[in-house]
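Because the structure is predicted, anything quoted here is derived from the model rather than measured. Both backbone and side-chain heavy atoms feed into the values below; hydrogens, waters and symmetry mates do not.
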Protein chains: 2
Amino acid sequence: MTEGHTVKENAKERLKSATLYEDMGFLLTRSRAVWVARDRAFFAEFGLNGRLYAVLSLAASGENPTQRELADFLRLDASQIVALIDDLEQRGYVERRSSPTDRRTNIIVATDAGRQVHGEARAAARDGEQSMGPSLNAEDRATLLALLQRVAFEE
Amino acid sequence: MTEGHTVKENAKERLKSATLYEDMGFLLTRSRAVWVARDRAFFAEFGLNGRLYAVLSLAASGENPTQRELADFLRLDASQIVALIDDLEQRGYVERRSSPTDRRTNIIVATDAGRQVHGEARAAARDGEQSMGPSLNAEDRATLLALLQRVAFEE
DNA sequence: TATTGTTATACTCTATAACTATA
DNA sequence: TATAGTTATAGAGTATAACAATA
């Protein structure tokens, strides 16, 4: 039993000698999976997931994004934004406001309820990161954030 | 036209003021999407995708992993490993060898052809990163890699 | 009893194409 | 002609449950 556990952990360490352990694509994939699996629990408390949270966050930013701008920023197809907005709108968290200058475009803004939920979900995720997150100090965290911002928005 | 492009880019910059731009989960998700979209072209040349490449890479590592060990290292369910190995085995890139000490377990090893393809795919991805990748210098890249290794394997 | 590999299933995410109404 | 939003569809990725063989 304890031996089994030890063997399994040793295997995990052993495989770190593989070239894959230096592969950026693999590390980004595994890091993201670990991170969102933890976030999921905190967001589920508010009926949200990562994508709904992201849209709500931008809607609550005060920048009045259009659906197209949401799609570009989140790197999702415009068709996916439709379903996400539909969902949040039905719950009364965001509103579609037609632009006064271009009747094709919708401006997405968070309602009071939407801002409230976003604030609570954000706090829950932040607290969760502190209690269960990786052992990154403030400096490491800021460094990682800055590097990811460059990779994420290079295209 | 050029104005439209400018407006769109400004919107993207404008939304960076949102709290989401500091959100680790979002940045990991977007970084991964950007990275694997680029990798996809290089891997497709060899009939591979990110997950097949990862399994092949571990099979070619010389560490003789079992299917269970592959699942743990890649953070995939054991049932997903079955299909990936089936695929690679049919192409003659890996073999299932039953363990001499435990008849339940399969040890996965790359064939000569598998090692060959893995080497070529790895070189193509590396070259592609240099020509199309983010403007990270060697130090930034190493820093990012080390931080991601910690996040990816914290659990 | 517990673990390895396996099959099956459902759900989410992602990628594409085509349509409409406006510009 | 081009763009914003929408609908539809198929494929890839992910999460769970259950089973047979073996430990």
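- A/Arg97 places its CZ atom 19 Å from the C1' atom of D/dA4, with the value rounded to the nearest Å.
- Between the C1' atom of C/dT12 and the CZ atom of A/Arg51 lies a distance of 8 Å, rounded to the nearest Å.
- An OP1 or OP2 oxygen of C/dA23 is reached within less than 4.0 angstrom by a side-chain nitrogen or oxygen of A/Arg103.
- Taking atom CD of A/Gln67 as the reference point, atom P of C/dA21 lies 16 Å away to the nearest angstrom.
- The shortest distance between the side-chain N/O atoms of A/Arg40 and the OP1/OP2 oxygens of D/dT14 is not below 4.0 Å.
- Between C/dT14, C/dT4, C/dA23, one nucleotide has an atom nearer to the side chain of A/Asp102 than all others, and that is C/dA23.
- Atoms CG (A/Asn49) and P (C/dT12) sit 9 Å apart, rounded to a whole Å.
- The phosphate of C/dT6 has OP1 or OP2 within less than 4.0 Å of a side-chain N or O from B/Arg96.
- If A/Gly50 and B/Ile81 are placed on DNA chain C by their nearest nucleotide, the residue sitting closer to the 5' end is B/Ile81.
- Residues A/Asp86 and A/Arg32 each lie close to DNA chain D; by heavy-atom proximity, the contact nearer the 5' end of the strand is made by A/Asp86.
- Of the candidates D/dT14, D/dT6, D/dA4, the closest approach to any side-chain atom of B/Leu76 belongs to D/dT14.
- A donor-acceptor pair shorter than 3.5 Å can be found between the side chains of B/Glu63 and A/Ser17.
- Linking Ile, Leu, Val, Met, Phe, Trp and Tyr residues whenever their side-chain heavy atoms come within less than 4.5 Å places A/Met24 and A/Leu145 in a single cluster.
- For B/Phe73 and B/Phe153, the distance between ring centers is under 6.0 angstrom.
- Of all the heavy atoms in B/Leu144 and B/Leu136, the pair that sits closest is CD2-CD1, 4.0 Å.
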Could you write out each protein N or O paired with an N or O of nucleotides 16-20 of chain C at a distance under 3.5 Å?
residue : atom : partner : partner atom : Å
C/dT16  : O4   : A/Ser79 : OG           : 3.1

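- The nearest whole Å value for the distance from the CD1 atom in A/Ile85 to the P atom in D/dT7 is 13 Å.
- Between A/Arg38 and B/Glu154, the closest side-chain pair of non-hydrogen atoms falls below 4.5 Å.
- For the residue pair A/Arg32 and B/Thr29, a side-chain donor N or O sits within less than 3.5 Å of a side-chain acceptor on the partner.
- For A/Arg104, the side-chain atoms get nearest to D/dA4 when compared with the rest of C/dA2, C/dG5, D/dA4.
- When rounded to the nearest whole Å, the span between CG of B/Leu48 and P of D/dA12 equals 14 Å.
- In this structure, B/Arg68 places its CZ atom 11 Å from C1' of C/dT6, rounding to the nearest Å.
- Computed from coordinates, the B/Arg30 CZ to C/dC13 P distance equals 17 Å when rounded to whole Å.
- If A/Thr66 and A/Thr29 are placed on DNA chain D by their nearest nucleotide, the residue sitting closer to the 5' end is A/Thr66.
- Closest heavy-atom contact between A/Leu88 and A/Leu56: CD1-N, 4.0 Å.
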